[in-house]
Amino acid sequence: MTRTIFIFIATLFLFAPAIILYESSPNLESQLLLVGPILLILGIPHGAIDHVLYQRSQTISNFRFIATYLSIVLTILVLWWIFPIITYILFLGTSAYHFGQSQFSHYFKKQNMRTRLLFMSWGTLLLSTLMLFNSAELDSLARDYSEFGSIHVLNSTLLLYLVVISGLFTVSLIFIMIARNELLKPHALMELVVAFMLLVSFYLLPFLIGFTLYFIILHAWKVMQEEFGFLKKSGVVKNPIDFIKILSPFSIVSFMGIGLVYTAIYNQWLNISFGYALLIVISAITIPHAFVMDQFYGLLFKRKFYQNEQVID
Amino acid sequence: MSDVLIIPPDDAVAFTFFTGYMAMLAASIFFIFERGRVAEKWKLSLLVSALITFIAAVHYYYMRDYYLATGKNPTALRYIDWTLTVPLMCVEFFLLTKAAGAKLGLLWKLILASVWMLVAGYIGEAFNPEGGDSTHSFLWGFLSTLGYLYILWTAWFGEVAKLAASSNDPVVKRGVRTLAWFVLVGWAIYPIGYMCMPGGWLNTAFGWGSENVDLFYNIADAINKIGFGLVVYNIAVTSKTKGEIKTA
């Protein structure tokens with residue numbers, strides 16, 4: 001068990017039952033008010049040092065990196081305008097791979113086709129289960145907001161197929177990896193326990209609260225620990241204060257950007273809902289971030305980071 | 001004939017009360033007899049395992065009758081059983097890590113955490129207002145979980161884990177890790193039972209009622225108490241075999 005998994009279990013057992021204190025399930029707006037600040041404060045910074053991480057594996061100037069990054073962001077924004085459904089699916093697929101990669105990164109000695117397939121199938125299982133178990137909330141969102149309605153192509157039947165296929169694929173890959181000595185049995189068992197708890201939390205908790213619990217603890221917090229550990233080892237940072245200093249500039253820029261989008265919507269300069277705008281903004285930064293993180297994990301494996309770190313038991 | 005209590009064929013709770021009772025009793029006999037076969041240093045551990053299952057067997061004997069006669073949850077008997085057996089499980093952790101330098105303080109901390117967990121759980125369950133109160137259920141469940149998390153942390157990362165890691169005996173290392181798994185997976189079944197009571201999370205989410213409480217508790221007890229003892233027995237037997245091989 002990692003300490004991150006312990007924190008997830010503790011949070012799930014201690015705080016998730018508080019949901020019974022609500023008379024009825026909170027709607028998406030209330031959920032966003034409740035978890036939005038946590039998502040932003042912990043979620044944004046984990047992707048705010050992409051330039052530092054990328055420069056550890058590639059020789060590229062800050063200017064060139066930021067220019068390329070912004071070009072990709074702009075391209076995605078344009079894609080949302082022209083092909084919203086395709087871009088939405090691309091965003092979900094990229095996120096699935098990225099979530100799977102960060103979940104299993106510390107177990108393997110190297111990345112190969114099997115590990116990449118596992119990242120993809122585990123992430124697909126995660127997202128499709130989250131959406132299937134909360135399909136009523138997503139359906140009502142699609143009914144209330146026309147822009148969400150236009151991209152709402154993953155209906156319950158399709159999601160059910162995705163859950164079954166990705167679930168079978170994930171379990172089969174885990175067994176194959178155990179048989180090939182690529183994954184230790186206790187690690188596989190721990191991941192099955194975590195997957196079970198995630199599915200239960202997605203089923204019992206409202207959409208955004210269930211997702212936030214996973215995203216903040218098992219994803220963003222874990223990734224930040226890896227980033228800090230790596231940069232400390234590389235001599236870029238000495239302590240957590242140094243780390244906060246290097247992730248602050250782009251975090252602040254991102255907060256300001258989101259604030260700007262909110263202002264534009266509030267003043268009706270932009271005629272879309274805030275939730276939809278947030279989805280577009282998040283997808284525009286997630287896709288390049290997932291690419292940088294793939295490079296970063298490649299670097300971790302290359303430098304045998306986890307073989308020298310006592311992060312798992 | 002009027003005193004004979006009949007098990008309805010579709011009553012899984014009554015069924016598990018009877019099988020639980022017999023399984024605990026059989027396990028006690030097994031541990032007591034096998035105690036003579038293991039090395040001297042493991043005898044006390046095996047005696048504690050036998051005590052855990054025997055105390056549970058006696059309580060199950062009364063609980064199955066209480067349940068069949070009244071159809072109600074034997075909450076008080078259940079918690080009396082746990083108040084005795086769960087601290088004894090903590091004693092097992094202490095005995096296993098004693099050779100690696102565990103101090104008496106560790107034992108007391110684990111016992112206090114387990115008593116805290118059980119007392120809070122008992123108040124949450126036994127004093128739940130008629131019809132169920134979510135605030136009451138959540139508050140006492142929260143407090144009880146703090147005790148559980150302390151034991152879980154100690155077993156996986158804290159003193160117990162560190163002592164096991166510093167032990168030279170790989171059998172002890174493996175055994176402590178297996179017991180830590182019991183705390184993580186096996187003990188996690190109890191909160192599921194707790195949350196089935198009226199006003200609990202699973203009661204409001206799935207409509208699972210008090211009949212499910214006992215089903216989950218009976219399954220958890222069988223897994224944890226007998227399983228816990230079997231792990232200790234396995235450590236004792238394996239460790240002895242290795243010792244014999246070494247001397248030969």
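Proteins get letters first, then strands, A, B, ... in listed order; numbering begins at 1 in each. Heavy-atom basis, side chains included; hydrogens, waters and symmetry copies ignored.
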> Under 6.0 Å between the ring centres of A/Phe13 and B/Phe142?
Replying inline: no
Please state whether the side chain, the backbone, both or neither of [X] comes within less than 4.5 Å of a heavy atom of chain A.
X	answer
B/Trp181	side chain
B/Leu139	neither
B/Leu184	side chain

>> Which residue is it: A/Phe207, A/Phe99, A/Trp221? I am looking for the one with a ring pair (Phe, Tyr, Trp, His ring centres under 6.0 Å) to A/Tyr214.
In response: A/Phe99
> Which atom names give the shortest non-hydrogen contact between B/Phe138 and A/Phe15, and what distance separates them?
Replying inline: CE1-O, 4.4 Å
>> Please classify the contact of A/Phe196 with chain B as side chain, backbone, both or neither, using a heavy-atom distance under 4.5 Å.
In response: neither
> Any luck finding a side-chain donor-acceptor pair between A/Tyr297 and A/Glu226 under 3.5 Å?
Replying inline: yes
